[in-house]
Every structure is written in structure tokens, then in C-alpha cells.
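Single-structure report; data block below.
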Amino acid sequence: MFDIKWISANPEAFDAALAKRGQSPLSASLISLDEKRRAIVTELNSVQEKRNTSSKQIGQAKAQKDESRAAELMAEVAGLKDRLAELDASEKALTEELRNALSGIPNIPLVEVPEGVDEHDNQPYFRPNESEATRPAKPNLHFAPKEHYELGERMGGMDFEGAAKLSGSRFVILKGQIARLERAIGQFMLDLHVNEHGYTEVQPPLMVRDEALFGTNQLPKFEEDLFFVPHGDSRLGLIPTAEVPLTNLVRESILSEGELPLRFTALTPCFRSEAGSAGRDTRGMLRQHQFNKVELVSITTPETSGDEHERMLTCAEEVLKRLGIHYRVMTLCTGDMGFGAQKTYDIEAWLPGQNTYREISSVSVCGDFQARRMDARYRDADGKPQFVHTLNGSGVAVGRALIAVMENYQNADGSISIPSALQPYMGGITKIGG
RNA sequence: GGAGAGAUGGCCGAGUGGUCGAAGGCGCACGCCUGGAAAGUGUGUAGGCGGGCAACCGUCUCGAGGGUUCGAAUCCCUCUCUCUCCGCCA
């Protein structure tokens, strides 16, 4: 969410940034709405001031038993009442209107983000001294590779038809060695981030209030992507990603600069209705209503969020390096970025069965966009509260990592070798389904 | 599910209609004291919003929302959350 003061001070910059996102200019209407609001607030304050002074004088008059003076003042204050109620109501309405308008505007991209309309304009990302060769190579398969669901169904470890009987489409039942492999991948990634990358492990609630979903931008615009369960007279939302509870850990608080950065990680189920993706990726477990994911969240100062973004990308990449899975990193273009992001890197894993790259992680820096929605601040060197910066990234999606391991480590006979990094989590075995 | 208690500043805790954003203590910051430190001592120490170049002024906030009143932390209503006991339960 944007600061209306910043928009007022930089209307051209704001509209230009919106244009990069393919949005029409909004500064003029927002500024005039804010001016209306401020005029009301100013008048409201002065009427309140009048009421407060008179009320104090009434108290003094009564203390001095000057009943006629008191009655006179009371009549005066009574005359302010209607106006006061009127101003109060319109102040609330205008503030609400402004907040609604602001909360529907997507974050603006950092200057270095490439401009573009969709995923075709995303750009490969390499650091200096980095190339395809410095990343794990594609597997050398001397046979026609199968897709993960063929491999999984063949060994009785993936049951889509059974899941459909229980829950409909976009669910899967994992069994036996595949279920264990999925668990091993999650544990491996969580341990990596906790033990080597300095993240604090968290087990958050999987059901959250609307306020939390507003904080991380799922509401109000993306309600149809979520599942809700009734709760009393209200409801709770099933988290579509652990980004929601982890980021909201700092909501409505003022942190000290010394405790930043905060780094949280969690392995949780995620629930998505996939309302907008009917017909896409219907085969297999690439796109499910429920899947496990290891999430990374960082809370930083404004000065350090850029470096933290690079660091977080490194943490997510390390998963694929240890698993020995070929991947590429893409800088998302302005048209393909999520609503709350200033800049996003996607990590795409190579899937031999599909003969293509598929997104396995998305790492975003949000600036103070979410912090404003959550009212999450820290005290800077001058002791003044400032909004924190928030970052989130998958580290990585467990279901998709399972797909990647299966397809990249498949053998001609349909068995799957276990990457060495996962063997300790699999009781030391080196192959399943053989 | 039944019965009861409670929610005040970073923390503890006073405050049952007027000058209370709020005593006192702790913590923290700065100063004095000291060779240095401790102890002692003095001062300061919430956030939002509006106005102002600023100093500053005003306003709102004592869980949230509404009401009574000239005036509410204090009275009334609704909600949320926390705690205790009983029941049930992984």
C-alpha cells in the first residue's frame, strides 16, 4: 500500500511507475480525495478544540458554583454537536475511501526491473562469473524420460484417481516410498535453512483472519484464490503460502533496529483454489489445491532489503544445487510480477519429462508495501518509527521439488535414484521403485 | 459447552465522571557524581492524524466498536482476546 504523502509529493513518478505495470494514472484522483479528507480533518480538529475548551470552562464554572455561566457554556457546546457528528462521519468515510483506493494499487517495480507484458519478457539472471556451467547440469538420460505422474503411478506411490474420489480434482494421494521421499525433501530443505542459512523455524497457524490476508495482499483483490472455513459468525482463511503467517508475525509492532533482520522459515501445507487456472496443468501434481512448501521470510531495514533479496535467492538456489537439479533464474518483467512485489526472481527447475523449465521458487522483495498494510515498523537510529521492508521466497515448493527429483533422477527401468543429499533422510537407501 | 475474573504506556501497576496521555515503580537514554564502575542523584522517555519551513500548536487513542454526558480510562451496550475452575478432547 502506498503513502498518500509520497504520492502527493511525487505524482509524476507514481503515475509513470503505474504505467510500467500497465495501469492508468491515479495520482490526480487520489490527491484530490486526500485534500478533501484533510480539509475535513482540519475543521473537525478545530470544532473538537472548541468543545474541549468550553467543557473545561464548564468544569471550572461548576467548581465555582457559577451555574449561570455553566449553563451558558453548555448551550454553546450543544450547538456544536450536529456539526461534530457530521464531520466525524465524513472523516471516517473519506479515510476509508482513500484506504480502499490505495490498497487496490499494485506495488511499483524497482528501476532495474525489465519492462514487459508477460512471462515472455522475463530475463535470465546471472551474477558476474556465473553461467549455465556453474549450475548443476541437466541429467544425461539415454532413454525417453517419463513425466513424474507416470513414474509415480507405475510404482504405486501416486494415486490421482483415489484422491479424486475423496476430494475431486487437483488432489493426490502419496504412498510408500514416494510419500517418504516427499517428507525427506521437506525435512532436508528446512534443515538447510535453519542450520546453515540462519532462519528461525516456525510452525504457524494454517488458518488466519482476513486482516492477516490483507497484510500480505491476498485481500481484498484475490479473495477468489483462497479457501475459507466458517468460524463462528466469521471465517478463517486457509493460508495459500506460509508467507502470510510468517510476514504477519511482525504486524502492529515496533521493532528495534538491532533485532533486524528477522529471518523465518516454515514447512507448511498451502491451499489454493486455482480458480483462475481451470484446465491448466491438470495432469500430475504440478498444480494442486493442497501442497507443502518451505517458505522463507525476511524482515529488514530499507537499507538492507536489496542485499537480503540477493541473499534469499542464494538460499533458495542452494536447495537445487544440493539436490543436483539443473535450473535457471529469471528476473520477472514488470508485467509478470505479483501484486505486492518490487522485484521478483523465479527459479525454474528443469523437468526432463516435460522437456521444459517449471517454476519451483519465487523470491520477492516488497519494500514497505506490506509493512504499511500490517503497520509493522522499527525504530531507526534517530528513534523514529519507520516501516520495515519485507521479503518472501519459496525455499522451495516441496511438491514441485518432488517432481523435479523424480524426473531428473529417473532410470530406464522406471526406478528413481535418491540424490545423495536426501539419502540421510531416506534411511540411507539409494534407489526406490527398482 | 458451563461458571467466574480480567484487558491501562516497553514492562509492572494506580486511577469509579472534570484541569488524566494518565500517579508510582522497573526498564531505557542523557547529565551529575567517580580514577573508572556500582550505588546515589537530576532530567527525559507512546503512537497516529491535521496545521506549520521550524520551534511548536491542535486533535485522536487507556483491548475494539457504539451509546449516555457540556465533559468518559472511569457509567451503559455489543464484540474480540486472555486467564482460572468444571466438563469434553488429540
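The figures that follow rest on heavy atoms only: side chains count, while hydrogens, waters and symmetry mates do not. Lettering of chains follows the sequences in order, A, B, ..., and the numbering in each one begins at 1.
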Query raised in the report: Quick one: is B:C49 close enough that its OP1 or OP2 comes under 4.0 Å of any side-chain N or O from A:R37?
Result: no
Report summary line: By the Watson-Crick or G-U definition, both distances under 3.5 Å, B:C28 is matched with B:G44
**Report entry** Side-chain donor/acceptor of A:T334 to backbone N/O of A:K20, under 3.5 Å
**Finding:** yes
Query raised in the report: Quantified in whole Å, what is the C1' atom distance between nucleotide B:C77 and nucleotide B:U69?
Result: 16 Å
Report task. Quote, to the nearest angstrom, the P distance that separates B:U68 from B:G9. Result -> 28 Å
Report summary line: The Watson-Crick or G-U wobble partner of B:C79, with both key distances under 3.5 Å, is B:G63
Query raised in the report: Heavy atoms under 4.0 Å, any strand shown: does A:K384 hit a base, just sugar-phosphate, or nothing?
Result: nothing
Query raised in the report: Base, sugar-phosphate, or nothing for A:L73, non-hydrogen atoms under 4.0 angstrom?
Result: nothing
Query raised in the report: Which one of A:K343, A:R21, A:Q342 satisfies the side chain to side chain contact (heavy atoms under 4.5 Å, CB included) criterion with A:P109?
Result: A:R21
Requested in this report: Could you work out the separation of B:G48 and B:U41 based on their P atoms and round it to a whole Å?
Outcome: 34 Å
Query raised in the report: A:R209 side chain: which of B:G51, B:G47, B:U80 is closest?
Result: B:U80
Requested in this report: Report the nucleotide, chosen from B:G48, B:C70, B:G51, that has the shortest atom-to-atom distance to any side-chain atom of A:R377.
Outcome: B:G48
Query raised in the report: Of A:G59 and A:V77, whose closest RNA chain B nucleotide lies nearer the 5' terminus?
Result: A:G59
Query raised in the report: Looking only at side-chain N and O atoms, does A:R379 come under 4.0 Å of OP1 or OP2 in B:G10?
Result: no
Query raised in the report: Can you tell if the side chain of A:I178 reaches within under 4.5 Å of the side chain of A:I432, non-hydrogen atoms only?
Result: yes
Report task. Could you give the distance separating B:U8 and B:G63 at their P atoms, to the nearest angstrom? Result -> 6 Å
Query raised in the report: What integer number of Å spans the C1' atoms of B:A7 and B:C79?
Result: 14 Å
**Report entry** Test: A:D375 and A:R251 ion pair at under 4.0 Å
**Finding:** no
Query - Pairing nucleotide - B:G1, Watson-Crick or G-U, each distance under 3.5 Å - result: B:C86
Report summary line: Ranking A:E91 and A:L44 by the position along RNA chain B of their nearest nucleotide, the one closer to 5' is A:E91
**Report entry** Spacing of the C1' atoms in B:G67 and B:G17 (rounded, Å)
**Finding:** 15 Å
Requested in this report: Provide the distance between the two C1' atoms, one in B:G31 and one in B:G52, to the nearest whole Å.
Outcome: 32 Å
Query raised in the report: With rounding to whole Å, what would you report as the distance between B:A64 and B:C28 at their C1' atoms?
Result: 30 Å
Query raised in the report: Reckon A:R51 has a side-chain N or O less than 4.0 Å from the OP1 or OP2 of B:C70?
Result: no
**Report entry** A:E72 CD - B:G71 C1' separation (whole Å)
**Finding:** 17 Å
Query raised in the report: Checking all strands, does A:N52 fall into the base, sugar-phosphate, or nothing category for heavy-atom contacts under 4.0 angstrom?
Result: sugar-phosphate
Requested in this report: Establish, yes or no, whether a centroid distance under 6.0 Å links the rings of A:F369 and A:F339.
Outcome: yes
Query raised in the report: Contact class for A:T42 (heavy atom, under 4.0 Å): base, sugar-phosphate, or nothing?
Result: sugar-phosphate
Query raised in the report: With sugar-phosphate meaning primed atoms plus P, OP1 and OP2, does A:K5 contact a base, only sugar-phosphate, or nothing at under 4.0 Å between heavy atoms?
Result: sugar-phosphate
Query raised in the report: Under 4.0 Å between a Lys/Arg side-chain N and an Asp/Glu carboxylate O for A:D210 and A:R235?
Result: yes
Query - Pair assignment for B:A22, Watson-Crick or G-U wobble, requiring both distances under 3.5 Å - result: none
